[in-house]
Amino acid sequence: MWKERLKIGLDVTRGILYLHEECEAPIIHCDIKPLNILLDQFWNAKISDFVLVKFLMPDQTKTSTGIRGTRGYMATEWERTNFPISVKVDIYMNIAKSEATMLPFWAYECYASKNLEKLLADDDEHIDKKAFERMIGVTLWCIQEEATLRFPMETVMLILERIIDVPIPPSPTPNSNSNHHTS
């Protein structure tokens, strides 16, 4: 099952990369969530449900729009009124259940202390530990509340494809004042 999970993650990353950087004009999906990822009979992942998309002009990087998306999956930028959004709203990952709000901090502690085995289920014994570490590292970048800290999809893809290394992410604390900056 590990190889399938990794493939699904790469397929979704490729799809978001296409929307954000390879279309003539960037497209913000505005509702990336598990229910909007479809799998075919070969476990190829496809992004679906383009009802809420926001099209940018070819030279535009930010836009103002009303709140779009599903509560529990929306980036923190949506909470700020009159705050322009960018493609980074599709990169943000959020925890939908309030009882799981400590998960990002626990995952960060496991990552920072190199105790990633604590994050694995008992049936994950055949997992590629290096690929898992890369996925956790890139995920920690994608859950940053500050949009400027989240990697663009091209960087996520390069990390997942093992072309570049994962820089050590900052702790996923709200409004962190980290010196790590990506655009």
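Numbers here simply count residues along the sequence, with the first being 1.
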- Query: Given side chains that start at C-beta, do those of K118 and W106 come closer than 4.5 Å, heavy atoms only?
  - Reply: yes
- Between P170 and Y108, is any pair of side-chain heavy atoms under 4.5 Å apart? no
- Which heavy atom of E145 sits nearest a heavy atom of T76, and at what distance? O-OG1, 2.7 Å
- Please tell me if the side chains of I28 and V53 come closer than 4.5 Å, counting only heavy atoms from C-beta onward. no
- Message: Membership question, hydrophobic clusters at under 4.5 Å side-chain separation (ILVMFWY): are L35 and I91 in the same one?
- Response: no
- Grouping ILVMFWY residues whenever side-chain heavy atoms fall under 4.5 Å, the cluster of L52 otherwise contains V51
- Note on the structure: Sequence neighbours excluded, the answer for salt bridge (charged side-chain N to carboxylate O under 4.0 Å, His left out) partners of D128 is R162
- Item | Contact check, side chains of Y18 and C23, non-hydrogen atoms, under 4.5 Å | yes
- Note on the structure: Scanning both residues in full, the closest heavy-atom pair of L140 with P169 reads CB-CG, 3.7 Å
- Task: Please answer whether the main-chain N or O of E109 pairs with a side-chain N or O of S113 as donor and acceptor at a distance below 3.5 Å.
- Result: yes
- Query: Looking at residues at least two apart in the chain, or sitting in another chain, which of them share a salt bridge (charged side-chain N to carboxylate O under 4.0 Å, His left out) with K3?
  - Reply: none
- Atom pair CG (L119) and CD (E133), whose distance is rounded to the nearest 0.5 Å: 11.0 Å
- Who are the side-chain contact (heavy atoms from CB on, under 4.5 Å) partners of T13, not counting sequence neighbours? M153, V156, M157, L160
- Would K33 and T70 count as having a side-chain donor-acceptor pair, cut-off 3.5 Å? yes
- Message: Can a donor-acceptor pair be found, under 3.5 Å and without considering hydrogens, that links the side chain of H29 to the backbone of V87?
- Response: no
- Query: L38, F50: one ILVMFWY side-chain cluster at the under-4.5 Å cut-off?
  - Reply: no
- Message: Are V12 and I163 linked, directly or through intermediate hydrophobic residues, by side-chain heavy-atom contacts shorter than 4.5 Å (ILVMFWY only)?
- Response: yes
- Note on the structure: When rounded to the nearest 0.5 Å, the distance separating CD of E4 from CZ of F42 is 13.5 Å
- Message: For R150, is there an ion pair with E77 - N to carboxylate O distance below 4.0 angstrom?
- Response: yes
- For the student: nearest non-hydrogen atoms of L56 and A25, plus distance: O-CB, 3.0 Å
- Atom of G15, atom of I47 and distance for their closest heavy-atom approach: C-CD1, 3.6 Å
- Message: Do I85 and K62 make a side-chain contact, defined as non-hydrogen atoms from C-beta onward lying under 4.5 Å apart?
- Response: no
- Item | With sequence neighbours excluded, residues passing side-chain hydrogen bond (donor to acceptor under 3.5 Å, both in side chains) with S64 | none
- Item | Atom pair CE/CZ of M135 and R5 - distance to nearest 0.5 Å | 9.0 Å
- Item | Y73 side chain reached by C30 side chain, heavy atoms, under 4.5 Å | no
- Query: Do I168 and W141 touch side chain to side chain, with heavy atoms closer than 4.5 Å?
  - Reply: no
- Query: Looking at residues at least two apart in the chain, or sitting in another chain, which of them share a ring-ring contact (aromatic ring centres under 6.0 Å, His included) with F55?
  - Reply: none
- Message: With a 4.5 Å cut-off on side-chain heavy atoms, are W78 and R68 touching?
- Response: yes
- Minimum-distance pair of heavy atoms, taken over all atoms of N44 and D11: CA-OD2, 3.4 Å
